[in-house]
Number of protein chains: 2
Amino acid sequence: MIERDVTDSLEPLDPEMFDPVCPSELMPIRVGDKWAGMIVQCLEGGPRRFSELRVPLRNITPKVLTQSLRALERDGYVVRTVHAGPARDVRYALTPLGRTLLGVLDVARAWAEDHLEEVMDAREAAARTGRHG
Amino acid sequence: MIERDVTDSLEPLDPEMFDPVCPSELMPIRVGDKWAGMIVQCLEGGPRRFSELRVPLRNITPKVLTQSLRALERDGYVVRTVHAGPARDVRYALTPLGRTLLGVLDVARAWAEDHLEEVMDAREAAARTGRHG
DNA sequence: CCGCATCCCGGATGATACTG
DNA sequence: CAGTATCATCCGGGATGCGG
């Protein structure tokens, strides 16, 4: 029998959840700040701890992660819960409002699958002909 | 009979097309850079001239508009056409790829209508309780 | 483990003035 | 009309280190 209380975690997040090679600079659609979209996706499966989030968001510094989380909290997308105890236990979870962003992210992903290659081609062509960089 | 050749314009753009009071800083979904989404909407009805675009984008400086347009051109969303002649005539138009962004913008608008008020409330509540701003 | 403080850099944005 | 050039500014993002 599998138990799940406040003390244990969900399945660990895939460290390779986000392809570092993915041309995110080509992506014209952004949700929140640079990390907000990825954070929201990390929280889709359930509440996560600060350090858990740092794994898929490779190299994110604590400061920047805190900034993004605070902004998400301030606007009502995320709730921060502190379970008091011998060891500090902080979890971040999506609110219903935060979950509405998942739909938007799906639209963004679908758009990317359909069109991102065209963007790559256009940018490459532009680079060859000069004029843009 | 209504004629429409290259020399005349479409209906002029509504100068109040974008509410300056609209809480755009609350909006978590962004398409392209700060101005790209608005530019794409301006071009929905057909090709537009540089100066036409400046009207609804009140206060945008030529430099910034040029930057946004160049970026949109570079990535294949917009084409720039120069009709030679006595008076210089430059038009910007959406490509088919650029038109695919209109759908995304519709999704963004729909999301905003459904949820932006919740964000306002959350932010206001956060401001009152301190901790965020 | 979680998060804040400080310092820093580069890019995005803008004001102003000038040009073909 | 359709931009360019220059300078100033602001802010996101990050490195590093400290504190509860």
Val90(A): which of Arg49(A), Arg80(A), Arg48(A) passes side chain to side chain contact (heavy atoms under 4.5 Å, CB included) = Arg80(A)

Just how far, in rounded Å, is [atom2] of [N] from [atom1] of [X]?
X	N	atom1	atom2	answer
Leu65(B)	dC1(D)	CG	P	14 Å
Lys63(B)	dT9(D)	NZ	P	14 Å
Ile39(A)	dG12(D)	CD1	C1'	14 Å
Ile60(B)	dT13(C)	CD1	P	10 Å
Arg91(B)	dA2(D)	CZ	P	8 Å
Arg48(B)	dA2(D)	CZ	P	13 Å
Leu57(A)	dG12(D)	CG	P	18 Å
Glu25(B)	dG12(D)	CD	C1'	16 Å

So does [X] get a side-chain nitrogen or oxygen closer than 4.0 Å to the phosphate oxygens (OP1/OP2) of [N]?
X	N	result
Arg80(A)	dG3(C)	yes
Lys34(B)	dG14(C)	yes
Tyr92(B)	dG3(D)	yes
Arg30(A)	dG12(D)	no
Arg49(B)	dA2(D)	yes

Taking all non-hydrogen atoms of both residues, which atom of [X] and which atom of [Y] are closest, and how far apart?
X	Y	result
His83(B)	Arg91(B)	CD2-CG, 4.2 Å
Trp35(B)	Ser68(B)	CB-OG, 3.8 Å
Val31(A)	Ala36(A)	O-CB, 3.5 Å

Measure from the side-chain N and O atoms of Arg123(A) to the backbone N and O of Glu118(A), and report whether any donor-acceptor pair falls under 3.5 Å.
-> no

Out of [options], whichever nucleotide has its closest atom nearest the side chain of [X]:
X	options	result
Asp33(B)	dA2(D), dT13(C), dG14(C)	dT13(C)
Gln67(B)	dG14(C), dT13(C), dA2(D)	dT13(C)
Thr61(A)	dC4(C), dA15(D), dA2(D)	dA15(D)
Arg70(B)	dG3(D), dT13(C), dA2(D)	dG3(D)
Val64(B)	dG14(C), dG3(C), dA2(D)	dG14(C)
Val90(B)	dG3(C), dA2(D), dT4(D)	dA2(D)

